[in-house]
Amino acid sequence: MAEQQSLPLGFVRGEPVIEKPEDLYIPPDALEVILDTFSGPMDLLLYLIRKQKLDIVDMPILAITRQYVEYVDMMQELKLELAADYLVMAAILAEIKSRLLLPKPPQEDEEEEDPRAELIRRLQEYEAIREGAEYIEQRPQIGRDILLSEVDNNAREWVTSVPPEVTLEDLTLAFSRVLQQTELKAHHQIKREQLSTRARMSQVLELLSQKKYVSFSQLFTRKEGRAGAVVSFLAILELVKESMVELSQVEPMSDIRLSLRQHNQDESVTA
Amino acid sequence: MNPLQLKQLIEAALFAHPQPLSAEQLYQLLLNKGEASLTAIRQQLKELQSDYRERGIELVKVASGYRFQTRAELGQRLAGLWQEKPARYSNALLETLALIVYRQPITRGEIEQIRGVSVSSQIMKTLQERGWVKVVGHKEVPGRPQLYASTDDFLDDFNLSDLSELPNIDTLNEDDEATAETATNERDDS
Amino acid sequence: MNPLQLKQLIEAALFAHPQPLSAEQLYQLLLNKGEASLTAIRQQLKELQSDYRERGIELVKVASGYRFQTRAELGQRLAGLWQEKPARYSNALLETLALIVYRQPITRGEIEQIRGVSVSSQIMKTLQERGWVKVVGHKEVPGRPQLYASTDDFLDDFNLSDLSELPNIDTLNEDDEATAETATNERDDS
């Protein structure tokens with residue numbers, strides 16, 4: 001970009017403010033703009049170096065330090081909320097400057113001993129990252145340069161839902177959790193019957209929901225043997241006890257009939 | 001703007017815009033004055049429709065304008081893209097199921113009493129839709145609550161031929177009160 | 001399935017699916033056993049890319065797969081379709097992102113050291129919310145700071161299929177002149 005050389009430091013009442021290299025002067029109003037513009041002390045430092053069209057390795061530490069400190073002082077004077085990081089950098093610069101001013105004259109061929117070396121390395125790394133940031137920024141971005149779409153389709157109508165899997169282990173674990181919970185409670189009404197009895201209770205109830213009556217003897221089959229008969233008998237007793245079924249016998253010695261317990265009109269009003 | 005550029009622009013706009021766009025909207029939203037006529041847009045829309053005639057998507061005109069959509073015949077095949085992995089059932093559902101299986105026939109109120117929390121209608125609905133649980137009657141107490149039991153489908157799905165094959169995990173053996181009330185047949189619990 | 005049918009199916013799937021799809025995903029989600037090979041899918045993807053070479057939308061490969069998208073050159077013109085301007089990211093955010101992308105895995109402390117300024121939590125939050133950055137581990141130094149890296153979503157959102165597509169930044173300091181000239185012109189965003 002061509003306007004790079006006359007890059008304004010900021011804008012005061014619409015007028016661009018351009019820094020004079022010799023005499024640093026920043027109009028107060030521009031400072032907030034500056035603070036927003038620089039992403040940190042490294043950015044400001046890099047800016048000051050480039051301002052003089054110098055390479056990082058040739059950084060004139062005295063001049064740069066003076067300018068940097070002037071910026072920072074100005075910011076502080078104006079009581080702008082200045083990140084402490086700017087002061088840290090000022091201290092680093094001051095330290096380098098003082099080391100350079102020590103009587104030991106710096107030699108051209110002793111680059112490693114240059115007190116600026118560490119800062120230069122950091123600036124170079126920072127500059128590389130700035131470049132990387134720019135590469136990223138210039139990439140075609142979703143939403144800015146590139147748009148995506150989910151084109152209308154009727155596919156969802158065809159999606160069948162797959163119900164979750166449950167294993168027997170999941171189920172027994174769930175049951176033991178329930179049992180543990182109930183054990184923790186002081187008293188509970190959980191009754192412990194053999195599962196076969198409970199299952200038989202369900203079967204009898206189901207039978208009764210289809211037929212009005214089921215004869216007692218129908219509930220016992222020879223095939224099941226003695227154990228089966230016990231299960232059926234206990235199931236019937238339990239059903240009677242829980243007021244789910246009624247037993248009736250028309251006359252002595254006739255077959256006992258099971259029916260669903262007739263529900264009491266008065267009781268059912270509650271709902 | 002030459003016809004090819006115009007076509008590309010219209011194509012991209014219709015692709016990216018979530019709602020259908022009419023020729024007039026395309027004209028107003030995309031073009032500066034004098035760049036192309038409405039007629040030119042209509043012409044390109046026609047060309048686009050023909051370009052996509054043999055493709056997996058088509059450009060159709062609906063009431064509010066033009067839009068791309070996938071070819072209807074492909075819907076069934078594309079369903080695979082949205083076929084979700086089965087989720088997991090909540091603990092609440094599993095515990096409810098476990099209680100119905102192990103304590104059937106049981107009312108919702110009894111399940112709630114044991115679990116100490118209310119059972120959502122959604123859970124009962126899910127269990128019944130899954131075919132694992134059914135209503136086998138009503139308990140003759142006020143309100144005549146439904147009695148739930150497990151189904152044959154439940155046995156099939158869990159690869160059981162009979163409920164007695166379920167692991168016995170009664171941990172309340174030492175509970176005297178409960179034992180006193182217990183039927184004592186076929187004791188095989190440890 | 002003949003090649004044309006396969007191509008149409010892939011095309012429709014990529015148009016309809018909100019996220020990119022890899023050849024493997026297309027194979028798994030769309031096809032029944034024996035209908036077409038993975039190689040056949042790759043072949044059709046190649047053909048589709050060439051079919052769309054001259055169109056307003058293009059088929060590109062990004063990190064997580066293939067997707068159709070509008071041609072980048074049209075982005076500015078298509079902006080007319082939307083009221084809102086896309087967000088611009090601050091230099092601070094872009095520098096932080098660049099450090100994570102180019103110097104990953106990296107700790108927050110290392111980012112702060114290079115940038116010379118503390119990294120605001122807001123920036124890290126934004127980067128993570130966008131899904132561009134994730135924690136990949138901890139550095140085994142006192143405090144075990146988190147190590148950040150870039151994600152596939154970052155690559156997808158910046159139209160990259162691989163990090164190596166980004167220009168190298170480590171050669172910069174060798175040609176001094178060029179760098180010093182170019183890097184300052186980002187300032188005029190006031």
Side-chain angles (χ1 to χ4, degrees), chain B residues 1-22 25-33 35-36 41 44-45 47-48 50-60 65-85, chain C residues 1-22 24-33 35-36 41 44-45 47-48 50-60 65-83 86:
Chain B
M1 189 178 287
N2 71 43
L4 180 64
Q5 288 174 313
L6 181 61
K7 183 152 104 175
Q8 289 186 344
L9 185 60
I10 295 172
E11 187 179 30
L14 290 174
F15 169 73
H17 202 259
Q19 283 88 38
L21 290 168
S22 66
Q25 284 175 307
L26 288 164
Y27 181 67
Q28 282 160 17
L29 295 170
L30 296 176
L31 297 172
N32 302 317
K33 232 179 166 66
E35 281 185 318
I41 289 179
Q44 292 308 324
L45 282 166
E47 281 199 25
L48 280 168
S50 120
D51 289 353
Y52 280 93
R53 198 144 286 161
E54 291 289 306
R55 308 209 67 96
I57 46 171
E58 53 190 346
L59 183 59
V60 295
Y66 291 83
R67 73 164 185 220
F68 280 114
Q69 62 185 38
T70 60
R71 207 161 277 286
E73 313 88 90
L74 295 171
Q76 194 169 3
R77 297 215 62 123
L78 293 174
L81 296 175
W82 283 276
Q83 199 65 63
E84 277 170 36
K85 291 226 176 72
Chain C
M1 190 177 289
N2 71 44
L4 180 64
Q5 287 174 315
L6 181 61
K7 182 150 105 175
Q8 288 187 345
L9 183 61
I10 295 171
E11 185 180 31
L14 292 174
F15 264 99
H17 201 254
Q19 282 89 38
L21 290 166
S22 66
E24 290 76 12
Q25 284 175 307
L26 289 164
Y27 180 67
Q28 281 162 16
L29 297 171
L30 296 176
L31 297 172
N32 302 316
K33 231 179 168 71
E35 281 186 316
I41 289 179
Q44 292 307 325
L45 283 166
E47 283 199 24
L48 280 168
S50 118
D51 290 353
Y52 280 88
R53 199 144 283 160
E54 291 288 308
R55 309 209 64 98
I57 38 189
E58 57 187 343
L59 180 60
V60 297
Y66 291 84
R67 74 176 176 211
F68 279 110
Q69 62 187 39
T70 59
R71 206 163 275 286
E73 308 90 270
L74 296 172
Q76 218 171 346
R77 295 211 65 121
L78 291 172
L81 296 173
W82 283 270
Q83 307 257 309

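So that the names make sense, note that chain A is the first sequence line, chain B the second, and so on, each numbered from 1.
Of the two parts of C:D51, only the side chain, counted from C-beta on, holds a non-hydrogen atom closer than 4.5 Å to a non-hydrogen atom of chain B. Both the backbone and the side chain of C:L31 come within contact range of chain B, each with at least one heavy atom under 4.5 Å from a heavy atom of that chain. With a 4.5 angstrom heavy-atom cutoff, C:Q69 touches chain B only via backbone atoms. The part of C:E35 that comes within reach of chain B is its side chain, from C-beta onward, which places non-hydrogen atoms under 4.5 angstrom from that chain.
A donor-acceptor contact shorter than 3.5 Å is absent between the side chain of B:Q83 and the backbone of C:L29.
Between C:L48 and B:R55 there is a side-chain heavy-atom pair separated by less than 4.5 Å. Side-chain contact between B:R77 and C:L30: absent, with no pair of heavy atoms (C-beta onward) separated by less than 4.5 Å. You'll find the side chain of C:Q19 stays beyond 4.5 Å of the side chain of B:L81, heavy atoms only.
Contact count versus chain C (heavy atoms, under 4.5 Å) is highest, among B:L4, B:T70, B:L14, B:L9, for B:L9.
When all heavy atoms of C:L74 and B:A12 are compared, the closest pair comes out as CD1-CB, 3.7 Å. Minimum heavy-atom separation, B:P18 to C:W82: CD-CZ2, 4.3 Å.
Relative ring orientation between B:Y52 and C:F15 is described as perpendicular, the plane-to-plane angle rising above 60° on a 0-90° scale split at 30° and 60°.
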